[in-house]
Structures are given as C-alpha cells and as structure tokens.
*Asks:* 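For reference, the structure I am asking about is given below.
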Amino acid sequence: MKIGYKPFQLELKYPFTIARFSRNFTPVMLLDISLDGFTGLGEASMVPYMGENIQSATDFLSNVDLSWMKFPFDFDELTAYLDGIAPGNPNIKAAVDIALHDLSGKMLNIPCYRMFGSDPQKMPLTSITIGIDTPEIVIRKVKEAENCHIIKVKLGRDNDQDLIKNIRSVTNKPLFVDANQGWTDRNQGLDMAHWLAEQGTLLIEQPMPKEDMDSNAWITEHSPIPIFADEAVQRLPDIEHLKGAYHGINIKLMKSAGMAEGFKMIQLARKQGMKVLIGCMSETSCATLAAAALAPLCDWADLDGPFLTANNPFKDPEFNDGKWVLNDDSGLGLSGYKL
Ligand code: MG
C-alpha cells in the first residue's frame with residue numbers, strides 16, 4: 001500500500017475569530033493511499049489550537065507503514081496501530097483513516113455512508129458559522145449564508161448580546177451558539193442560556209471551561225435548551241464520564257482520529273441517551289464528505305468548511321435546502337482534484 005501526501009494552505013474567506021484568537025488560513029495535509037489500482041483520499045485539517053502542524057504530520061507519516069493491512073481493512077486494528085505509533089496526533093490519524101475509508105468504498109464499489117448504515121435521506125440540517133466581526137461584516141455574512149437554515153454564532157466575549165441582536169436584526173433563522181469555554185460565571189451562563197432560548201437558540205456548545213465539569217453540569221441541569229460538550233470531548237474514552245454533565249456531544253473527525261472512532265462515539269453517546277452534533281474544522285470537501293457520511297446518524301450537523309474557505313481544491317459537495325447531499329459514487333464521492 002502506497003501513501004502520498006502534500007501540504008496545502010486552506011485559506012479562509014474571512015479571518016476566523018473565536019473567544020481567544022484569530023487567523024487567516026489553516027494548514028492542511030492532503031493524503032492519498034493506493035492499492036490495486038484504487039486510490040483513497042484523506043485530509044488532516046490542523047487548526048493551531050490542537051497543536052499539530054505540517055512538520056508533526058510529516059514526522060508521524062514517516063513512521064506509518066501500512067504493508068501489514070489486508071483488504072477488507074480492519075479499522076479497529078488500524079486505530080490501535082496508529083495509536084501505537086504515538087499518542088495524540090488525531091488530525092493526521094484522521095487523514096489516514098479517511099483515506100482508507102475512501103479507498104475501501106472504492107474497492108467495494110459502495111459509498112462510504114453505506115459502510116455505516118447511514119441513510120442519506122436522514123441528513124440533518126447543517127449550520128454555518130458567523131464569526132465574531134464588525135456589525136457591518138456580520139450582517140454581510142448572514143446575507144451570504146442564505147442557503148443555510150441554521151446560523152452558528154461564536155460567543156464568549158463581553159458583547160455577546162449585542163452580537164445576537166445584530167444577527168437578529170437581519171434574520172430569524174434558528175441559532176446554534178458556541179461559547180467556546182468563554183463564560184466564567186455559572187449564574188451568568190445560565191442567564192445567557194435563558195436569554196438565548198428566547199432568541200431562538202437551539203443549543204449551546206461548551207459554555208464554560210472544560211475543566212469546570214461541575215459548572216457545565218449545573219448549567220446543563222437548569223438550561224431550557226440543550227448544552228453540548230465540544231472541547232470537553234475528543235475521543236471515545238472521554239464520553240463515558242460526560243453522561244449527565246451535558247445533554248449532547250460535538251463529534252469532529254479531527255478530534256476523534258477519523259470515521260471509525262467517530263462512528264463508535266455516535267453509538268456510545270446514543271447508548272448514554274445523549275444527543276449528537278457532528279462538527280468540523282476548516283476543511284476541504286474531503287473531510288466534509290467524510291463527516292457528512294456519518295451525519296445522518298446525528299441530530300444536527302455543523303459542517304460548513306466549504307462555505308468558509310476560499311480555495312477548496314475539490315469540487316464543493318452538492319448542497320440543497322440547508323443539507324449536504326450524499327451521492328451514489330463509491331467512497332467519499334469526491335471529485336475534482338488529484339494529489
Ligand atoms: Mg465548538
């Protein structure tokens with residue numbers, strides 16, 4: 001099995017600002033894995049706060065030798081093998097996992113979503129993030145997002161209510177709110193949750209720092225709308241102790257180290273009676289379609305990578321009436337780019 005890879009600078013349409021920092025592009029590693037004349041594509045989107053970069057990805061890949069893998073691939077074995085090379089590194093592990101799922105689908109001649117029993121007819125609505133910006137640009141972004149039926153807003157600053165009022169002056173669409181751990185007082189957090197519910201907010205992500213489990217759990221207990229863990233959950237073992245502390249979890253393939261573990265996380269969350277949102281980093285069509293393949297198993301999607309980036313090297317996936325459309329092509333259904 002042959003692995004090829006290429007760094008790619010994925011540019012953002014607007015500088016991306018969340019509670020603690022701002023940036024203009026995301027370093028991405030694009031990957032292809034070939035076997036028997038078939039090629040699968042994968043992607044690692046390496047947002048700086050997760051700690052990976054082109055160098056760490058290159059170092060990790062120099063230790064990956066997939067010659068032991070036989071088709072059909074055993075993804076549990078793959079996960080154990082990648083975790084055995086080094087701990088952490090979920091972004092580049094996800095790239096390998098995604099490429100092997102795409103390859104697998106192509107070799108089996110089925111779309112990836114079918115490997116998970118995922119029904120494209122059950123695709124949930126996807127939100128689009130409106131980053132923190134000047135009031136004029138926020139209004140422009142909301143207008144540009146007319147194809148999406150849910151607006152996601154990043155809060156966690158002093159002027160949270162002004163930002164929401166600003167958005168409400170241009171649209172009545174339902175909102176997802178992501179506080180990105182930016183709230184520090186549980187009483188104020190709960191007041192915000194009540195106020196946001198009145199403003200048409202469907203859910204709140206990570207109201208308080210992940211380490212403050214008690215306060216997040218307290219807000220969850222009293223909140224009129226669902227509270228989701230994002231920063232507090234990365235991989236499968238994180239979910240078990242979150243039962244009761246949050247109503248749901250935000251799964252991202254760049255945190256879960258790929259589709260195989262992402263799927264297990266959805267199953268475990270369901271078993272624990274938790275809701276599931278599937279989210280993304282700034283990603284090309286490759287990781288977006290990988291997440292979209294699992295999205296019908298989730299309650300909501302926040303897969304806006306292709307909307308927020310300026311130089312997606314692949315063709316944008318089809319988007320209709322607020323939802324991604326999964327096609328019948330084998331593998332991820334990607335087109336338009338070769339490494
Ligand atoms: Mg989040």
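Order of appearance sets the numbers: ligands from 1, and atoms from 1 within every ligand.
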*Asks:* Hey, is there an N, O or S on Glu231 sitting under 2.8 Å from the Mg ion (ligand 1)?
*Replies:* no
*Asks:* Can you tell me if an N/O/S atom from Asp302 lies under 2.8 Å from the Mg ion (ligand 1)?
*Replies:* no
*Asks:* Going by heavy atoms in the side chains, are Lys93 and Glu261 under 4.5 Å from each other?
*Replies:* no
*Asks:* As a test of reading the structure, name the N/O/S atom of Asp178 that is nearest the Mg ion (ligand 1).
*Replies:* OD2
*Asks:* Quick check on the hydrophobic clustering: are Phe307 and Val28 connected, directly or via other members, by side-chain heavy-atom contacts under 4.5 Å?
*Replies:* yes
*Asks:* Could you tell me which N, O or S atom of Glu205 is nearest to the Mg ion (ligand 1)?
*Replies:* OE1
*Asks:* Is there a side chain to side chain contact (heavy atoms under 4.5 Å, CB included) between Lys13 and Leu308 once you walk through the steps?
*Replies:* CA-CA 6 Å; Lys13 276 187 195 156; Leu308 304 183; 5.8 Å; no
*Asks:* May I ask you to decide if the ring planes of His101 and Phe75 are parallel, tilted or perpendicular, using 30° and 60° as cut-offs?
*Replies:* parallel
*Asks:* Does some side-chain heavy atom of Ile92 sit less than 4.5 Å from a side-chain heavy atom of Val64?
*Replies:* no
*Asks:* Restricting to N, O or S atoms of Asp230, which is nearest to the Mg ion (ligand 1)?
*Replies:* OD2
